[in-house]
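One structure is given here, and the rest of the page talks about it.
Order of the sequence lines sets the chain letters (A, B, ...), proteins ahead of strands, with each chain counted from 1. Just so you know, these numbers come straight off a predicted model, no measurement behind them.
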Amino acid sequence: MTLASLLAQLLNGLAGASSLFLVAAGLTLIFGVSRVVNFAHGSLYMLGAYVAWTSVAWFGRGPVGFWGGVLLATLVVAAIGALVESLLLRRIYAAPELLQLAATFGVVLIVRDLTLATWGAEDLLGPRAAGFAGVVDLFGRATPTYELLLIVVGPLVLAGLWWLLVRTRFGVQIRAATENRALVGALGINEARLFTQVFALGAGLAGLAGALQLPREPANLGMDLAIIAEAFVVTVVGGLGSITGAFLAALLIGLVKALCVVVGTVEFGGFAIAFPKLTLVAEFVVMAIVLAVRPYGLLGQPAVIPATTPVAEFRALIRPPGRRSLAAALALAAVAALLPFTGDEYRLILATDILVLAVFAASLQFLMGGGGMASFGHAAYFGLGAYGAALAFKHGAPMAFALAAAPAAALVGAVIFGWFCVRLSGVYLAMLTLAFAQIVWSIAFQWDAVTGGSNGLVGIWPAPLLADKRDYFWFVLTLAGAALAAIAWLAQTPLGYALRGSRDSALRAEALGIDVRRTQWMAFAIAGTFAGLAGGLHVFSKGSLSPETLAIPRSVDALVMVLLGGLNAIAGPLLGAAAFTLLQDGLARATDYWRAVLGAAILLIVLLAPMGIGGALQRLFARGAR
Amino acid sequence: MTEPLLAVTGLRKAFGGVAAVDDVSFSVAAGEIVALIGPNGAGKSTCFNLINGQLAPDAGSVRLGGTAIGGAAPRAIARLGVGRTFQVAATFASMTVRENVQLALLAHAGAQHQIGRRATTALAAEADALLEQVRMARFADQGCATLAYGDAKRVELALALANAPRLLLMDEPTAGMSPNSRNRMMQLAADLARQTRVAVLFTEHDMDVVFGHADRVIVLDRGRIIAEGPPAAIRNEPRVRAVYLGDDEA
Amino acid sequence: MNRSLRLHLLAAVAALATVLSPAAAAQPIKLGELNSYKTFPAFLEPYKKGMDLALEEINAAGGVLGRPLAIVSRDDNGSPGDAVRVAEELVTREKVVLLMGTFPSNVGLAVADLAKQRKILFLAAEPLTDKIVWENGNRYTFRLRASTYMQTAMLAPEAAKLGRKRWAIVYPNYEYGQAATQAFKKQMMALQTGGIEFVEQAVPLGKIDAGPVVQALADARPDAIFSSLFGTDLARFVREGELRGLFRDRPVFNLLGGEPEYLDPLKDEAPVGWWVTGYPWYAIDTPPHRRFRDAYQARYKDYPRLGSVVGYSTVQAAAAALRKAGSTDTEKLVAAMKGLAFDSPFGKVSFRALDHQSTMGAYVGRTALKDGKGVMVDWRYADGKDHLPSDDAVKAMRPAD
Ligand SMILES: Nc1ncnc2c1ncn2[C@@H]1O[C@H](COP(=O)(O)OP(=O)(O)OP(=O)(O)O)[C@@H](O)[C@H]1O
Ligand SMILES: [Mg+2]
């Protein structure tokens, strides 16, 4: 590696950082003002690229087609953002933060299918940027002029935003809302309008970023999810709500990635480390390190995250389950135990899936509902359990031991990751869980010799005694029932109360001598252990596993299940798992556009039953009892 | 006289260069009731936060019964017998009043991480006794989030008492109460102090409460102590009248 | 009901009406199909069309075993766990006689293992992983497409002929790319005597950071390049590489690069002179292919992609197996599949009894630009049977049934 090549790579890194910043800037603006973790931001970015492509298709490859397309994409996507805000998000600002996350996830599913229906499946290669199609010689290397343009655009947008925030009335309102929510009302700001405007601005930036990406990448259906995780990371590393922070974070991550590529394979005393392979997780490693040192990111303010979540859900009185709940649970278990006699084997398979996912969801609910700690990376523990069981089994352990290895492996992971995570709170905590999950994922993905790499492991079937689907179902029913009961019990014990107390008021809990972090750490360990058990049961019911067992979509599934079921409803995990599994199974058969319908179903539930299905049922019963 | 229960010397805390508490020294003896008064922003709550470990002091020392506790974690200081109520009442919103006290009692017993029993049946009688003491027994089954503000303050007192404190810090304990209730609340604190020799340090904006119940008054202004003495003397101290009482009564 | 299933049933009814034989009135034979339709739509939409075309043709000709064929299709969400679930549904509820389909390797391997456990025939259509018939091969699993190893073996001799010393390899960082890289290195070292060295860049699938990667490859000053990129990654690599002059005076080999799915989106920026495996549908004029292409274009007003050929051939293979077995019994089907020969658009293809790999080949040629579109020229058909390791080597890799 020469100095020239290093410098050239730094330029590449800067260009990458610029486009990353554009996406993250919108995300951080929106979060700062509305506290919405906008999962659909990647979808807006993708739409930007498609709209720009369409403009080029209509108006040609010249400056009008391309630069007009960039402008058009910005405006169209801004309008779409405003629409999403005023039709959907406005209705759920009072709902728990994570319900908003679920809603934006619904939007992701819908946009993905709408894009497919509108533009088709094939990648759409855009033109090179009009006026910036060539190269110039820099450091003895051909450097695309478009890269140089991008390098300039990032700081320009930063300067523009800075001007907007500091010099305009609109900007003052945004800053007021970002720094102190209470100020918005006090200053007589029209909150609804401000939120819509900020959403439009953020969405417009995403659209702009997507359009500017077109000369570097064909418009394609994978753009949404490919960018969203990275954009989240940049936002969090920079500090939520901080535009300048996002810029610095984008620079940091862009440069680290470019360096990984340039360093290549390096020998360290006999070990060869292929740095390019690290690009798979580089951003998450950076995030884990930054958050471990700076709990609020590079430039984030602690005040941005309220110490206690002012969510109505968390202020609602929670009653321990009474005799009626116990009776209902026993009755349900008894009915379930009869399921194998109905003769429909597939129903058994679905029921097994539901039970396994219910344990997974319950473990997350314990952490999120009871502990107030959202985990965006809960799949890590599910996956560690699954891999623990699979590896033990592959190395000759009998099924019973292999299954015991599942919670054990997950426990170890949860104890290690939890130790770091409980030092943070709110979205920062959630993102650190995500970072750990991604790191585990990349290890599973790359460590071929042990984990089977991207293919994973196969041939992990239950012992002959349980090989029959019916027997395995009863086995899962017993274990999952016990696990669900244990989690419900734990919530009633002093530990469960100490945990919920730490959630309600960490200040009060500490003043009473309760070690909040330690309590939350224990909750992590417990949640991880049960998620691991679910992972173990999962792998023996499917016979195989691959890294997707601990990938982001599975974490999202868990979140969606918990929110569908209800954050604090005791039957929530079971209901959420059942609703999710049956919806997915039924819809996939009913329509080709099952993703969009699933997304719409999630939106409906979020809008009509923000307490989740379990919460709605509880309210119904309470009303009936009165 | 033996060493006072709480001894604060040269305490200092600044936020962004501005001293909220500046070179503050005072002490409180067991069984004594001391009022810490001063205008808004004087540094009263910050003082409390420094004593119970919410904040670490920039300089100075806090000693409790002879042990230095400055900079220790709140939970550790709580275990040494410091109970506290907050200016903005902090209770567990998702629990009933009784469950709040039960959790406090469990924590006091070091049982807060047990998993072998139900929290709702633990120490119920003791919890009810404490609620009786603060006159909240009839609200025992109500959710804490729905309490009137004054009632929440009472629950907080019960929580602090569950810890069987040697030192009780009360930040504006009677805010949001009727004059009658204020006096009853303070009477309760005073009785406690006298019967169980608990040291009580409280802040209060209602001068009737201060002069009616405190054994001694410390006046804070912009982080510094400007006067200290028995209520009668403080009432007539011109500097206090100027910065505070005048302010208050204007 | 699934739209396509309804289509299939309609087709079945149509067949029934035309044939009007008593046997055709029988229940249709159900084939269970699962694929990652929503995860890899660009490849799988043409695949589905090919499948439907084959089904219509078979049923119009009276079905098999005197019964119409029906395909029950499911989306596996690109996830092995979901794939196993829908496969179970196909088997238990739909009572399909065999399973077929799948796209990514991990899904293919998971379903293959399920097939072994459940003792049901699985005809893997798309997955390229070598393991599905070798290390993880089993009695019930057969694979149609030419594998990663085979396609690499089709390109390696051409590469070795050039006698270049320093090779840059760029590949998507997952099993397919890793296997291609490994196979290429191994075959090159076997074919080319004298020193040969490799520099590698592994890129995250679908997320290549093309600028830095191209720059790093250029800085390594290789004599030639071997790539197994495809899809979005390939498009970004091509554009950035052209711009920065990476490909100037350097031979480039790209696995799968000639497949219309990946070449066509590049339009007039398609690379010129690259060695690729692919499918020059416009130029193959063998009778079976011409027949297939005409039928496809008549039916869909669109040209076939490689996925279309795979979908079409998969159904043809399944039908041929049913005919040869004379039964829907799994063990008889497995016996029939071993050594089964059938007609594909690429000509006669057979499933090797040795490892259940089909001999379906791929077209090897060089890329060129014609009328603002990428095409393959100087191509030849590389028969799959000529690009496999020795029988002994295969036996050593594959577990006994
Ligand atoms: N965490 C903090 N960060 C920054 N400044 C603080 C913080 N806590 C207190 N301050 C500042 O320190 C000063 C003293 O505040 P403190 O809350 O101690 O006053 P107080 O005497 O309790 O007032 P009040 O009667 O209004 O409760 C105020 O100027 C306040 O703004
Ligand atoms: Mg105060």
| field | With E32(B) via salt bridge (Lys or Arg N to Asp or Glu O under 4.0 Å) - residues at least two apart | value | R216(B)

| said: With a strict 4.5 Å heavy-atom criterion, list every residue of residues 488-497 of chain A that contacts chain B, or say none. | reply: W489(A), L490(A), Q492(A), T493(A), P494(A), L495(A), Y497(A)

| query | Where on T96(B) is there a heavy atom nearer than 4.5 Å to chain A: the side chain, the backbone, both, or neither? | reply | both

| query | In terms of heavy-atom contacts, does CZ of R518(A) have more than 12 from other residues, nucleotides or ligands at under 6.0 Å? | reply | no

| message | Just to verify, which of N100(B), L105(B), L159(B) counts as forming a side chain to side chain contact (heavy atoms under 4.5 Å, CB included) with L512(A)? | response | L159(B)

| request: Return yes if some donor-acceptor pair links the side-chain N/O of D504(A) with the main-chain N/O of S94(B) below 3.5 Å, else return no. | output: yes

| query | CZ of R184(B): more than 12 outside heavy atoms within 6.0 angstrom? | reply | yes

| task | Against chain A, label Q54(B) side chain, backbone, both or neither, depending on which of its atoms sit under 4.5 Å from a heavy atom there. | result | side chain

| said: With a strict 4.5 Å heavy-atom criterion, list every residue of residues 106-119 of chain B that contacts chain A, or say none. | reply: L106(B), A107(B), A111(B), Q112(B), H113(B), Q114(B), I115(B), G116(B), R117(B), R118(B), A119(B)

| task | Indicate yes or no for a side-chain donor-acceptor contact from R508(A) to the backbone of T91(B) under 3.5 Å, with no hydrogens or angles considered. | result | no

| query | Which residues pass the side-chain hydrogen bond (donor to acceptor under 3.5 Å, both in side chains) test with R75(B), sequence neighbours left out? | reply | E510(A), D515(A)

